[in-house]
Amino acid sequence: MQSGSSAGPGRAILYGMSRRPIVIAANRLPVMRTDDGSWTPSPGGLVRALYPMLRETGGTWVGWTGSVDDAPEPFTIEGVELRPIAISRQEHDDYYEGFANDSIWPLYHDAMRDPTFDAEQWAAYVTVNQRFADALLEVAPPDAVIWIHDYHLQLVPKLVRERRPEATIGFFLHVPFPPWELFARLPWRTELVEGLLGADLVGFQRSIGASNFAAIVHQLVPAADVQPSDDGFLADHSVGMGSTGTRLRTTIGTFPISIDVTEFDSLAAERSVRRAATALRASLGNPEVILLGVDRLDYTKGIGLRMRAFRSLLEDGTLDAERCVMIQVATPTREAVEHYRDERHEVERLVGEINGRYARIGHPVLHYLYRSLPIEQLVTLYLTGDAMLVTPLRDGMNLVAKEYVASRRDVNGVLVLSEFAGAADQLTDAVLVNPHDQQALRDAIVTAVEMHHPERGQRMAALRDAVARSDVRGWAERFLHELRHEPLEGDPAR
Ligand code: ADQ
């Protein structure tokens, strides 16, 4: 399997096209502390995509360590400079858990939980965004390419632009961007839009996010001239340019993120992983069908709906508990936020109820792990799951869907995928489903369970082609080339 546009000898040339240093800002630093207190790069595709580029250009990453009141002096790992940002306990509660994860997160995910709008939390968000901007201005040389990530830092582009009008600034939103009817609820909606307009390039996962943003700019910034372009929108305005009257052009585009395809493909080829998958299946009693879910335990991921569909299929005998099991792995996340605690209780109540009713002694019908797993174990699970259930109610992209496909070098397994995940735009050969429709969700699971070769193989082969075409390094290159106004290799039109 190829790894898309990043593969091959062109890489050095691509990176070499611009030696401008890259400076990244994201809520979290790309490193974590090991048991002996030293730092190691965090797992995850984003880090793996951006680290090599930062190394090559002598780049810097600005972010939080993840622990409150923990801001060590800047340090360097593998040639990448890391600039920790201090976050106090109160800021953690107000900026991170409050405004970012209890206002923006639910609002941007269809307001499926009521967003909190609290002036103190907003004030903390402004303060922390200002701190990130100050750090960026300190570490970024004048020719730097500044790339700001995600919903925690939406004010940073403008805060940097005001003090450095000539800067090259990109912003990428990893989560969905909502339509006007939802966004308009935000008491600080104009500030947020103006914050983003400080960037030269604002990127979204799906074209609908780009259109929503363009429409909102048109609505909230009357002096902006917003026009459709070949692959997005162009907004001409003077936000962040002070009283100079200088116009800035913000390009609004779509950049669907992906994974490190080669990593999952190679892990799936390892004998130890394949053996572990066979052993796992045997330990479950070699059931005919294994359904799999792997998610952060987030209310957007539709874990409860999926379990209810499974319960109802057991109830009416469509699925037989002696021949079919489900595995759900859920990563702990944002445990202090009430909506997350409620979601966990509901999921765990369903696990108890379903096993209470359908398990036999020593044979649970629903296996549930509430923990994070090393990547080898995730791939083992991906190889074991006959049907992967990715059923979020709303998701920016959903990397799990792509990881499952990249791991299935045996060209087997069926992906059931929510239409409300960004990945549905590319993974059109999945069994696509509207997870709000309980009957449709049941039908999709049954379709996956009953699907035979050759359809299974044909669909998986098409999915693997789609994933291979869009590696995460290709994603980063495409964004940075657009931001630097450079043509992509082999693409003279851009
Ligand atoms: P997330 O909401 O975190 O990301 P997702 O894209 O699915 O969602 O990524 C989750 C990652 O965590 C995957 O790489 C997965 O392997 C890993 N993971 C999940 N459960 C795990 C477990 N139990 N143990 C170990 N690892 C586990 C946000 C947006 C998404 C968008 C990404 C990237 O919400 O829509 O796809 O950013 O832009």
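Counting starts at 1 for both ligands and their atoms, following the listed order. Keep in mind that what you see is a predicted model, and the values were worked out from it rather than measured. Hydrogens, waters and symmetry mates play no part in the numbers below; they use all other heavy atoms, side chains included.
At least one N/O-N/O distance between H174 and ligand 1 falls below 3.5 Å. Distances between N or O atoms of G396 and those of ligand 1 include at least one value under 3.5 Å. For ligand 1, the polar-atom distance check finds an N/O of M397 within less than 3.5 Å of one of the ligand's N/O atoms. Remark: ligand 1 and N398 share an N or O pair separated by less than 3.5 Å (distance only, no angle test).
A tilted orientation is assigned to the rings of Y382 and F264, their planes being inclined by 30° to 60°.
Checking atom 11 (C) of ligand 1 against the protein gives no heavy-atom contact under 4.0 Å. Distance check for atom 4 (O) of ligand 1: every protein heavy atom is found at 4.0 Å or beyond.
For R349, the CZ atom sits in a packed shell: over 12 heavy atoms of surrounding residues, nucleotides or ligands are nearer than 6.0 Å.
Test M397, R206, R469 against Q426 for side chain to side chain contact (heavy atoms under 4.5 Å, CB included) and you get one pass: M397.
Two rings, from F132 and H152, have their centers 6.0 Å or more apart. Ring pair F213/F204: centre-to-centre distance below 6.0 Å.
When L46, I257, L399 are ranked by how near their heavy atoms come to atom 9 (O) of ligand 1, first place goes to L399. Considering only non-hydrogen atoms, atom 14 (O) of ligand 1 lies nearest to E403 out of E403, R394, R371, K301.
Side chains of Q328 and R306: a donor on one and an acceptor on the other come within 3.5 Å.
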task: Assess whether salt bridge (charged side-chain N to carboxylate O under 4.0 Å, His left out) is satisfied between D102 and R334, documenting all intermediate values.
output: CA-CA 10 Å; D102 210 22; R334 305 173 196 169; over 6 Å; no
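Not a single heavy atom of F264 lies less than 4.0 angstrom from ligand 1. Residue contact check for ligand 1: Q205 places a non-hydrogen atom closer than 4.0 Å to it.
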